[in-house]
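Within every chain, numbering begins at 1; the chains are lettered A, B, ... in the order of the sequence lines, protein sequences first and strands thereafter.
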Amino acid sequence: MAIGTILRTIKQAVWLGWKVETNWADPVVFAIYYLIKPVAGLLIVGFIFLIGSVVSGAVNPELFMFLFIGNSFFIYVVQIMMTMTMLIHEDRAHYEVLKHIYLTPGSLQWYIVGRALNGVMNASVSLLLTLGLGVAVFQYGLGIPIQIDWLNIDFGLLSLTLLLGIVCFMAIGFILCGINIMTSKVQFMLNEYVSGTLYLFGGVVFLPELLPQWGQHISNALPITYFLRIVRFSFLHQGSFDVQMNLLYLVATMIATILVGLAVFKVAMFKARRDGLIDKKEEY
Amino acid sequence: MKREELVHNLKVAYARLWVRLKGGYREPEWLVAELVIPVITLSAYVFLYKMVNAPPEYAGFVIIGGTMMAFWANVLWGMSAQFYWEKEVGNLEVYLVAPISRMAILLGMAIGGFVNTVLRAVAIFIAGILIFQVPIAIYEPLTALLIFFLTIGALYALGMMFASLFMLYGREAWHTASLLQEPIQFLSGTYFPTTSQVVPYMVQLLSSLIPLTFGLDGIRKVAILGQGISDVWLNIIALVVFIVVLLPLARLALNFMENLGKKEGRLTLRWQ
């Protein structure tokens with residue numbers, strides 16, 4: 001397919017995704033929505049940490065930084081999974097446009113990429129707002145030192161990690177799109193299963209070393225684990241951290257995820273076309 | 001209300017309850033998801049308490065919170081947002097033209113939703129207790145049950161009130177219901193005690209506007225900390241006040257929003 005067609009498809013999909021995500025409310029309400037949810041999520045884990053630490057007699061700022069960064073950047077997983085699991089259901093059963101998109105010259109795959117990129121955009125806005133408000137609440141409101149030198153962040157490494165991580169999460173999203181096209185009414189739970197599993201095993205708010213041995217094996221096989229480790233390093237520059245090895249693991253798990261994601265999606269689309277599932281109607 | 005009318009509306013409630021019960025078990029994959037997904041989330045918070053060496057009863061707080069969250073989720077998605085779904089599938093107009101009380105429909109939904117959720121909640125509670133070896137210290141089971149049922153009553157009354165709002169909503173219904181999850185979990189202290197000195201006064205003040213806060217606090221005291229009715233009588237009074245205030249408000253709100261919807265022609269509007 002010509003590059004121009006691909007880019008045009010992605011651009012239109014991003015624009016469409018933006019409209020679908022935002023035009024239900026005026027900009028202020030929309031901004032509040034995108035701020036409140038992630039901030040409330042951060043406040044929940046922040047207060048669990050604080051209350052637990054105070055009761056046990058010691059507040060460890062380094063552990064707080066661990067969960068602060070982990071929970072904030074987990075928004076990319078939440079947004080991409082949410083966008084990509086709801087996409088097939090909404091376009092096929094609710095708005096009944098999936099068949100039209102399928103018929104257009106631009107590939108459905110690139111349309112999905114565009115919609116996912118819209119989720120990435122929203123996640124980035126939420127991330128910035130969450131980091132800002134998180135610092136205001138925890139550092140200035142509750143007195144926990146946020147040990148980040150904002151001028152000394154390794155932006156190069158952070159950008160590279162974000163790029164690799166986002167590609168990886170989108171590949172997981174393609175697996176979910178494939179499952180959704182072959183099934184119906186499982187989109188809500190799929191999103192929760194995947195996000196929940198990554199949250200529990202990915203070392204998001206607690207050290208994966210606390211997991212039982214089998215849980216640590218799962219953690220080591222997940223790209224989110226390496227993604228968050230490198231993101232934390234780009235902010236905190238811990239001396240004993242092996243960046244190259246973690247990058248290598250991230251790239252390896254990313255390649256594996258892409259291969260599985262594309263394979264599942266291709267098989268699913270083949271079966272969907274064969275079984276007449278592309279315009280399947282549900283409850284609407 | 002005449003006896004005949006009362007019987008008629010009880011039949012309506014039963015009919016809606018039956019649909020809810022039947023629907024709750026029609027898709028087994030949902031049943032599994034509603035048991036497994038909360039346990040995954042709870043586990044992360046229990047591990048977080050472990051990371052900071054908090055005492056084991058804090059894991060119990062998380063389990064209780066997660067258990068009660070099953071009811072809040074049911075209130076939000078199964079009660080509040082239900083009229084939005086009904087509108088989308090074309091049932092709302094049928095409800096509105098039928099010679100029945102809207103409150104009877106909501107009552108049926110509430111009881112059906114409660115029965116469905118209680119089985120899931122018990123399973124989450126038992127799984128959490130067994131997996132994380134949480135110490136349980138219930139010395140007054142009747143007090144625990146009283147607080148539990150009062151909390152449920154207050155939550156579903158709140159859900160009935162929200163249902164009137166959602167009746168007019170378009171796509172914002174989805175976002176609003178979604179918005180009422182994490183912020184309510186935070187404010188009500190689902191996973192931590194809001195009475196802790198660490199929690200700022202303003203947050204405690206806001207949390208006291210939510211019935212779930214009093215319910216969770218009471219149940220934790222009775223089920224985990226081994227306290228009795230003399231320690232939770234304020235929680236009981238607060239929950240009774242919530243029920244007494246919210247139920248008539250729900251009825252008023254429902255009538256008001258229905259009339260508004262008729263004037264603005266939004267009761268049968270779909271695909272917003």
Student: Contact between A:Tyr193 and B:Val32 at the side-chain level, heavy atoms closer than 4.5 Å - yes or no?
Tutor: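 The answer is yes; the side chains approach within 4.5 Å.
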Student: Which of these, B:Phe61, B:Phe192, B:Tyr58, sits in a side chain to side chain contact (heavy atoms under 4.5 Å, CB included) with A:Ile48?
Tutor: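 Among B:Phe61, B:Phe192, B:Tyr58, the one that satisfies the side chain to side chain contact (heavy atoms under 4.5 Å, CB included) with A:Ile48 is B:Phe192.
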Student: How about B:Pro193 and A:Ile51: do any of their side-chain heavy atoms sit closer than 4.5 Å?
Tutor: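 The answer is yes; the side chains approach within 4.5 Å.
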Student: Measure the acute angle between the ring planes of B:Tyr45 and A:Tyr199, then classify it against the limits of 30° and 60° as parallel, tilted or perpendicular.
Tutor: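 Aromatic pair B:Tyr45/A:Tyr199 classed perpendicular.
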Student: Report the distance from atom CG of A:Leu42 to atom CD of B:Glu182, rounding to the nearest 0.5 Å.
Tutor: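 Answer rounded to 0.5 Å: 12.0 Å.
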Student: Once you round to the nearest 0.5 Å, how far does CG of A:Leu200 lie from OG1 of B:Thr41?
Tutor: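 With rounding to 0.5 Å, CG (A:Leu200) is 8.5 Å from OG1 (B:Thr41).
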Student: Would the distance check show the side chain of A:Ser53 and the main-chain N or O of B:Val52 forming a donor-acceptor pair, the cut-off being under 3.5 Å?
Tutor: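 No.
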Student: Are A:Phe47 and B:Pro200 side-chain neighbours, meaning at least one heavy-atom pair lies under 4.5 Å?
Tutor: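 The answer is yes, as the side chains (C-beta and beyond) meet within the 4.5 Å cut-off.
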Student: Can you check whether B:Leu48 reaches A:Val45 side chain to side chain, under 4.5 Å on heavy atoms?
Tutor: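 Yes. Closest side-chain heavy atoms under 4.5 Å.
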Student: Can you tell me how far apart CZ (B:Phe186) and CG (A:Leu43) are? Round to the nearest 0.5 Å.
Tutor: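 B:Phe186 atom CZ to A:Leu43 atom CG measures 4.5 Å (nearest 0.5 Å).
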Student: Once rounded to the nearest 0.5 Å, what's the spacing between atom CD of A:Glu192 and atom CD1 of B:Ile40?
Tutor: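 Taking CD in A:Glu192 and CD1 in B:Ile40, the distance rounds to 9.5 Å.
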Student: Other residues, nucleotides and ligands only: do more than 12 of their heavy atoms fall within 6.0 Å of CD on A:Glu209?
Tutor: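 Check passes, neighbour count above 12.
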Student: Which bit of B:Val199 comes within less than 4.5 Å of chain A, counting heavy atoms only: side chain, backbone, both or neither?
Tutor: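 Both parts, backbone and side chain.
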